[in-house]
Trainee: 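This is the structure I have questions about; it appears just below.
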Amino acid sequence: MPNFDEHRIAPGQKVDLRKLESDGKDLVSNPSQLENEFHERRTEIVELGEKLFAEGRQKLLIVFQAMDGGGKDGTIRSVFEGANPQWVEVTSFRKPSAEELSRDYLWRIHKAVPPSGKIGVFNRSHYEDVLVVRVHKLVPEGVWKPRYKQINAFEEVLTASGTTILKFFLHISKNEQKQRFEERIQIPEKRWKFDPADLEKRKYWDDYRAAFEDMMEKCSTENSPWYVVPADQNWYRDLVVASVIADTLKKMAPKYPDPPDVSGIVIE
Ligand code: ATP
Ligand code: MG
């Protein structure tokens, strides 16, 4: 088994995405051995999620960020296949509405954090406010720069109230993005995902890279770590994400509540 801890960013660690592998197959000697591994990890997630729900005390927040085409949707689909929709809540954060823009940037995020007993999944997140917002200068630097500290403080509030946090950056190469965009154009079933705006954002690849690096350097903390997941291969990406989630749930060790005393009960 490869050691997936190597993908975790330590607090304060410098991040250079050009030096970090996006290609999972370079990291394992025998990919076919790992085929079953993913299914086992996913089964663990389903079993532990069920206990988390029954216990009703702890909560897990999972954040996904990536370049466009990085595979957030696909990862969420495959890692949570078989999960009970009663305890997994996925929220996708798009361009803020006028109502959202008239509040602080964390308002819509805070409303979506998972309650006790649930797993909350963020498809994009408050980190957009130091990514797209920074790269496209949607607010002045004096506004976005203090956000790293604000985000750390916000996440500390969540941790202090019993939320475990995991954050995944799905790392694809620029060439892989090109191939995925081409597929979206060529394959009729994928065309609905094609967004001409993505081609515009691709021109800012290096600016986005720098913004992702800063985000992880400044906001990977002991209690709320970032993982850089090599994501050019879907199978490796899914295996890493499922393994980290399953291991985290094991550490949280949710238990079914003590059953009521049923001795002497007779059902007529
Ligand atoms: P897919 O990756 O599957 O295409 P998506 O997450 O890109 O899905 P879209 O509706 O295509 O969903 O795009 C959402 C857009 O909203 C992205 O371009 C993202 O950068 C933008 N967005 C998200 N949060 C913010 C924010 N706080 N401010 C400005 N733009 C944002
Ligand atoms: Mg999109």
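Keep in mind it's a predicted model, so treat the numbers as computed, not measured. The residues of the chain are indexed from 1 along the displayed sequence. Counting starts at 1 for both ligands and their atoms, following the listed order.
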Trainee: Out of all atoms in ligand 1, which are within 4.0 Å of some heavy atom of Asp129? Include the element for each.
Mentor: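 Here the atoms of ligand 1 in question are 27 (N).
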Trainee: Looking at Glu128 and Lys95, is any side-chain nitrogen of the basic one under 4.0 Å from a carboxylate oxygen of the acidic one?
Mentor: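 A salt bridge is absent here (no side-chain N lies under 4.0 Å from a carboxylate O).
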Trainee: So, does Glu182 use its side chain to make a donor-acceptor pair with the main chain of Gln179 at under 3.5 Å?
Mentor: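 No, Glu182 side chain to Gln179 backbone: no donor-acceptor pair under 3.5 Å.
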Trainee: Does an N or O anywhere in Glu128 fall below 3.5 Å from an N or O of ligand 1?
Mentor: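 Yes: some nitrogen or oxygen of Glu128 is under 3.5 Å from one in ligand 1.
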Trainee: Salt bridge between Arg41 and Asp247, side-chain N to carboxylate O under 4.0 Å?
Mentor: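 Answer for the salt bridge query: yes.
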Trainee: Indicate, as side chain, backbone, both or neither, the part of Arg108 found under 4.0 angstrom from ligand 1 when only non-hydrogen atoms are considered.
Mentor: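 For Arg108, the contact with ligand 1 is made by the side chain alone.
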Trainee: My understanding is that only one of Gln177, Glu183, Glu176 makes a side chain to side chain donor-acceptor pair (under 3.5 Å) with Arg180; could you say which?
Mentor: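 In the set Gln177, Glu183, Glu176, the residue that makes a side chain to side chain donor-acceptor pair (under 3.5 Å) with Arg180 is Glu176.
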Trainee: Please check: side-chain N/O of Thr43 versus main-chain N/O of His39, any donor-acceptor pairing under 3.5 Å?
Mentor: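 Yes: the side chain of Thr43 pairs with the backbone of His39.
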Trainee: How about Lys174: does its NZ atom have over 12 heavy atoms from other parts shown lying under 6.0 Å from it?
Mentor: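 Yes.
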Trainee: If the cut-off is 4.0 Å to any non-hydrogen atom of Lys72, which atoms of ligand 1 fall inside it?
Mentor: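 The atoms of ligand 1 under 4.0 Å from a heavy atom of Lys72 are 2 (O), 6 (O).
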Trainee: Heavy-atom distance to atom 22 (N) of ligand 1: which of Lys201, Lys193, Arg94, Arg184 wins?
Mentor: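 Considering heavy atoms of Lys201, Lys193, Arg94, Arg184, the nearest to atom 22 (N) of ligand 1 sits in Arg94.
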Trainee: I'd like to know if Pro96 contacts ligand 1, where contact means a heavy-atom distance under 4.0 Å to any ligand atom.
Mentor: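 Distance cut 4.0 Å: Pro96 passes for ligand 1.
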Trainee: Heavy-atom pairs closer than 4.0 Å: do any link ligand 1 to the side chain of Val133, the backbone, both, or neither?
Mentor: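 Just the side chain.
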